[in-house]
Amino acid sequence: MPFWHEQIAKWEASWREEQIDPLPRISLTPSNRRGTLTLNLFPLLKAQKEDPQKIVNKILSPLSGVVQCQELVKGFLNISFTPTFWGDFLREALHHPTTGYTQLRLAEREHIMVEYPSPNTNKPLHLGHLRNLCLGESVSRLWEQVGARVVRANLVNDRGIHISKSMLGWKRFFAPLTPQEAGKKGDHFVGDCYVAFEKAYRTEVENLVAKGLTEAEALVQAPLFQEAQALLRAWEAGETQTIALWRTMNEWVYAGFETTFQRLAVKFDRTYYESETYKCGKEIVEEALRRGIFFRSEDGAVWADLTPEGLGKKILLRRDGTSVYITQDLGTAEIKHREYPTLTRSIYVIGNEQDHHMHLLKALLKKLGKEYADKIYHLSYGMVELPSGRMKTREGTVVDADDLLDEMHARAYELTDTELSTAERHAIAEAVGQAAIRFYLLRVDPAKNIVFDPAESIDLKGFTGPFIQYGYVRAKKLLEKAAERGLAPLTTEYPPELHSIEESLLQYLYALPSFLESATYNLNPSLVAHYGYELTRRYNEMYQLLPVLSSEEPQRSFRLGLVATYLRAIHTVMEVLALPIPEKM
RNA sequence: GGCCCCGUAGCUCAAUCGGAUAGAGCACGGGAUUUCUAAUCCCGCGGUUGCAGGUUCGAGUCCUGCCGGGGUCGCCA
């Protein structure tokens, strides 16, 4: 167990023996007050009408020897630790394989599946997918960090009317061109086909409306739409040429996605395709229909009655017998369970516009008696909006993922050291640019919408990814210089007194495991992003104001220990946020 | 209309089962570099936490009702 957990557990055990009830709540002392930890004694003081000083003595008795000073302000007991305590802590953090900052063993029994980003195959990835990818990857790494086994799963939406539209777009406007011939990434090329279709379709609809049809009628009667539907039916019927084109175009898209995934260092253990899982979903629904769990309406459609759950009625098979989106989801869930029966949690990283959909999925699985329904967690995240509002395909305001990565790379390149080689500068620019985007998308509570201002919001200074990278790089260089001079961290006795800046950094180093734990179980990487920023801010303050290499022993080796532990902690932070880790900037 | 999410400084965001004087970044103003990388640091400016009640030692946080924004609600994915 990490230092933090082990100690607090020990204290709590002895408090229980002393009949202290309720137990004090422990938190970090706010930075405007002296102290490392604050014990909240309000409930305790209220419950036990004893002399407060006596209670404080009882509370502090298991901490004797490590507490240097304490202060009771109203119900808050602020405590600071001795230099010896901190020296031992640094030693532990640096040298112990499990109490240190690698692979905290908090969740070794967990087996987690994280499903992300589950794109459609008719368009390239955009900023919304980037948020999804960053969240999914970070949550995966968080679970790994605390010792869980993780399966990264991607579910590809490779069937449906939208796919038919891009196929028809190609046939009409691009055939027989290939992405190579067009000089484009496959996913962008197919996206162009889709956009071309939509544009022509819009024109047809407008013409029909001009002839007196209503918008709704026009949308259905437009020849292009009719043709797209025919193509979908041909696909479902397994018509050879249609299937061949569908395969080809999907391969173009996958190749394009793969390039982006590799650039972002995400790699999936398992990829599911809706075109394969929807059949299983259909079987589940038909079986449940026979068992009377679902029912068929007069027109032939199949329904689930979720009125008792407060979710109304939900269609599962259209009257023509074809399956809808959720049917496929039932199948995918079942297949996941069959393949990975030991999963303890199955996390779906999906936007909050599907909150209702995910409620339906869980409720349906429960109705079907699937015990794994309770293991499903929806990591719901808000939309990425522009200052002008929602991104719109039709208005061309969608921020493309590849373009954004390129733009950030270019921006970061301008800041790199011109003394370095071009190759080195590009490597740094890529790391810094990506860190800027990733941190920006992760630092906000997932539940909240993000307003993305391309002109201002992505910055390379202040509360950003590069800020954290820079702290890491400087600390690393400092330790290298120390090593060159034969200086090692924590080799001698500890200093008799610590500077408040050192204490402030120690407080945050000490708290790392608690932040990781809480971010993991709450599926909320933003907690680590804020932690990483605050930790680095404190480190920078020390770096700026307190000399390390030029200070006297034992201060020097103690401070080297601080730097080394910071380096380890911030490395862990960058790791779980999936920020690239540059060695130079 | 029903249900869900959100509303905090000019802008973007924090605030750990309800806790101390609501904190950061950006922007703006001032300052720091013979010394470990200035993508840094320090100081200043900036608030009726959407509104009105309620619960209690204590409310940005919980409850009720409004206001504003977004999402979603039987054959799109």
Side-chain angles (χ1 to χ4, degrees), chain A residues 25-33 38 40 42-43 45-46 73-76 78 118 120 122 157 159-163 274 297 299-304 310-320 322-326 328-329 351-357 359-360 380 382-383 385 387 389-390 412 415-417 432 436 440 443-445 447-453 456-457 459-464 466-471 473-475 477-482 511 514-515 518 522 526-527 529-530 533-534 536-537 540-551 559 563 584-585:
Chain A
R25 278 219 315 279
I26 302 177
S27 56
L28 299 180
T29 305
S31 50
N32 57 355
R33 296 187 178 267
T38 293
N40 186 330
F42 278 97
L45 292 176
K46 201 181 173 189
V73 189
K74 288 186 267 185
F76 298 107
N78 299 323
S118 304
N120 293 348
N122 63 325
N157 295 280
R159 61 178 281 277
I161 188 73
H162 56 295
I163 310 295
E274 286 191 8
S297 56
D299 61 7
V302 177
W303 299 78
L311 294 165
K313 287 173 184 160
K314 175 65 189 170
I315 191 159
L316 297 170
L317 293 177
R318 299 189 188 96
R319 59 184 164 218
D320 64 3
T322 58
S323 62
V324 295
Y325 187 49
I326 201 149
Q328 161 277 130
D329 268 337
N352 63 8
E353 74 273 13
Q354 295 198 38
D355 285 353
H356 181 67
H357 178 82
H359 284 138
L360 287 173
S380 166
M383 294 184 307
E385 295 173 323
R390 205 173 175 174
L415 290 174
T416 53
D417 187 351
V432 170
Y440 182 76
R443 71 185 199 187
V444 180
D445 185 330
K448 294 188 175 174
N449 288 356
I450 289 182
V451 177
F452 179 87
D453 188 335
E456 297 171 15
S457 294
D459 212 332
L460 302 175
K461 55 185 199 295
F463 181 31
T464 66
F467 177 90
I468 288 174
Q469 291 176 316
Y470 189 60
V473 166
R474 288 202 304 184
K477 193 62 183 290
L478 203 165
L479 288 173
E480 279 166 14
K481 286 207 165 160
S514 74
F515 278 91
S518 138
N522 291 308
S526 78
L527 300 174
H530 281 93
Y533 172 74
E534 181 62 24
T536 296
R537 207 186 59 70
N540 282 340
E541 196 177 0
M542 175 183 135
Y543 185 91
Q544 198 84 20
L545 300 175
L546 305 180
V548 178
L549 296 180
S550 60
S551 64
R559 285 182 182 167
V563 176
K584 226 187 236 188
M585 277 176 82

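A note on names: the letters A, B, ... follow the listed sequences, proteins ahead of strands, and every chain is numbered from 1.
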Peer 1: Hey, would you say the A/Phe463 and A/His530 ring centroids sit under 6.0 Å apart?
Peer 2: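 Distance test on ring centres: under 6.0 Å, yes.
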Peer 1: Checking base pairs now: Watson-Crick or wobble, both atom distances under 3.5 Å. What partners B/rG44?
Peer 2: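 B/rG44 is paired with B/rC28.
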Peer 1: Suppose you measure atom P in B/rU61 against the same atom in B/rC51; what distance do you get, rounded to whole Å?
Peer 2: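 The same atom, P, in both gives a distance of 11 Å.
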Peer 1: Taking the side chain as C-beta and beyond, is there a heavy-atom pair between A/Tyr533 and A/Arg443 under 4.5 Å?
Peer 2: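 A side-chain contact under 4.5 Å is absent here.
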Peer 1: Searching all strands shown, indicate the nucleotide that pairs with B/rU33 (Watson-Crick or G-U wobble; both distances under 3.5 Å).
Peer 2: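 Matched B/rU33 with nothing under the 3.5 Å cut-off.
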Peer 1: Across all strands shown, which nucleotide pairs with B/rC62 by Watson-Crick or G-U wobble geometry, both distances under 3.5 Å?
Peer 2: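 Because both required distances fall under 3.5 Å, B/rC62 counts as paired with B/rG54.
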Peer 1: Could you say whether the aromatic ring of A/Phe76 and the base of B/rA20 stack, counting only centre distances under 5.5 Å and plane angles under 30°?
Peer 2: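 Here the ring of A/Phe76 and the base of B/rA20 are stacked, with centres under 5.5 Å and planes under 30°.
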Peer 1: Roughly how far apart, to the nearest Å, are B/rC63 and B/rC26 at atom C1'?
Peer 2: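 So the two C1' atoms sit 37 Å from each other.
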Peer 1: Identify the nucleotide, in any strand shown, that forms a Watson-Crick or G-U wobble pair with B/rC75, with both distances under 3.5 Å; if there is none, say none.
Peer 2: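 By the stated definition (distances under 3.5 Å), nothing pairs with B/rC75.
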Peer 1: Can you find a side chain N or O atom of A/Lys46 that sits less than 4.0 Å from OP1 or OP2 on B/rG19?
Peer 2: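 Result: no.
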Peer 1: Whole angstrom is fine here: how far is it from NE2 in A/His356 over to C1' in B/rG71?
Peer 2: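 So the NE2-C1' distance, A/His356 to B/rG71, works out to 12 Å.
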Peer 1: Please report, rounded to the nearest Å, how far the C1' atom of B/rU40 is from the CZ atom of A/Phe467.
Peer 2: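 It is 8 Å, rounded to the nearest whole Å.
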Peer 1: Taking atom C1' in both B/rC62 and B/rG19, what distance in whole Å separates the two?
Peer 2: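 It works out to 14 Å between them.
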Peer 1: Quick one: look up who B/rU16 pairs with, Watson-Crick or G-U, both distances under 3.5 Å, and put none if it's unpaired.
Peer 2: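 Checking every strand shown, B/rU16 finds no partner, since no pair has both distances under 3.5 Å.
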